[in-house]
Amino acid sequence: MTQMTLYSMPSSGNSYKVRLLLALQGRAYRHVPCEAGSDALAQAKAEGKAPLGKVPVLHLADGQVLNESNAILWYLGTGTTWVPTDPLAQAHMLSWMFFEQNRHESVIAVRAALRCYPHRAAQATPERMATLLDEGHAILALMEDALAGQDWFCGAGPTLADIALYGYTCTADTRGGYDMARFPRITEWCGRMAALPGHVTLDHAP
Ligand SMILES: N[C@@H](CCC(=O)N[C@@H](CS)C(=O)NCC(=O)O)C(=O)O
């Protein structure tokens, strides 16, 4: 049977978001791992499987192709409990997803990449790392404030906003070097995410 195919980078939070939602939904798919610097990533690009030059990319059963992690989340989540039905609640959810791409990922994921990927190490100057550390802590403080009095970022249950933000936050300490002891609400929220039925970790191979 033809099924969805996901080209994703095992070590990437953007890719992990999509793998996590698929796991939480219990959906079957074919996975093509495309690690940074791998032949598989180069081949996927050369064969036009990643039209924007990045992963994750979801190839639907009918051959249509979806780029951008949060757009893929939207496609997979629409019509399910992962997307609120009220338009205002949807907009709140989307605002967190835009925040994640514009402000969170561009700092917290970048610091993690500079620490973890050998080919990025030369860019990890002390000044840049210190700036990214301060900026990341400020971003995490915004999330910590938003979780005051609520378990999830948007409404009474988990939505795509939680998955998008979780992608890089769950490893902000181990990979990014951020001090998560300063953010107890985020730590508890990560625990709630990890307890969701079907949850998989970043290193889970589908
Ligand atoms: N905004 C995109 C970012 C995708 C992205 O930057 N992917 C990186 C891994 S996190 C990638 O494909 N890198 C491989 C390359 O640039 O060759 C998304 O959320 O999907």
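Ligands are counted one by one from 1 in listed order, and the atoms in each one are counted from 1 as well.
Among protein heavy atoms, the minimum distance from atom 4 (C) of ligand 1 is reached at Val55 O, 3.4 Å. Of all protein heavy atoms, the one closest to atom 17 (O) of ligand 1 is Lys45 NZ, 2.5 Å. In this structure, the protein non-hydrogen atom closest to atom 2 (C) of ligand 1 is Glu68 OE1, 3.2 Å. Atom 3 (C) of ligand 1 has Asn14 ND2, 3.6 Å as its closest protein atom, hydrogens excluded (heavy atom only). When hydrogens are left out, the protein atom nearest atom 10 (S) of ligand 1 is Ser12 OG, 3.2 Å; that is the closest non-hydrogen contact. Closest protein heavy atom to atom 16 (O) of ligand 1: Lys54 NZ, 2.6 Å.
There is a side-chain donor-acceptor pair under 3.5 Å between Tyr117 and Ser11. Using modelled atom types, one finds no donor on one side chain facing an acceptor on the other under 3.5 Å when comparing Asn14 with Glu68. Between the side chains of His104 and Thr169, at least one donor-acceptor pair of N or O atoms lies under 3.5 Å. With hydrogens and angles left out, the side-chain atoms of Lys17 and Asn70 include a donor and acceptor closer than 3.5 Å. For the residue pair His199 and Tyr166, a side-chain donor N or O sits within less than 3.5 Å of a side-chain acceptor on the partner. Arg182 and His137 share a side-chain donor-acceptor pair at under 3.5 Å. There is a side-chain donor-acceptor pair under 3.5 Å between Asp162 and Trp189.
In Met9, the part holding a heavy atom less than 4.0 Å from any atom of ligand 1 is the side chain. Proximity of Tyr168 to ligand 1, defined as any heavy-atom pair under 4.0 Å, is confined to the side chain (atoms from C-beta onward). Of all the heavy atoms of Leu41, the ones lying under 4.0 Å from any atom of ligand 1 belong exclusively to the side chain. At a heavy-atom cutoff of 4.0 Å, ligand 1 is contacted by both the backbone and the side chain of Ser69.
At a 3.5 angstrom cut-off on N or O pairs, Lys17 does not count as close to ligand 1.
Remark: ligand 1 atoms within the under-4.0 Å shell around heavy atoms of Gln101 are 1 (N), 2 (C), 18 (C), 19 (O).
Met4 has its side chain within reach of Leu22: a pair of non-hydrogen atoms, C-beta onward, lies under 4.5 Å apart.
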Mind running side chain to side chain contact (heavy atoms under 4.5 Å, CB included) on Leu202 and Arg175 for me, showing each step along the way?
CA-CA 11 Å; Leu202 173 71; Arg175 291 168 61 85; 4.0 Å; yes
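The shortest heavy-atom distance from Pro56 to ligand 1 is under 4.0 Å.
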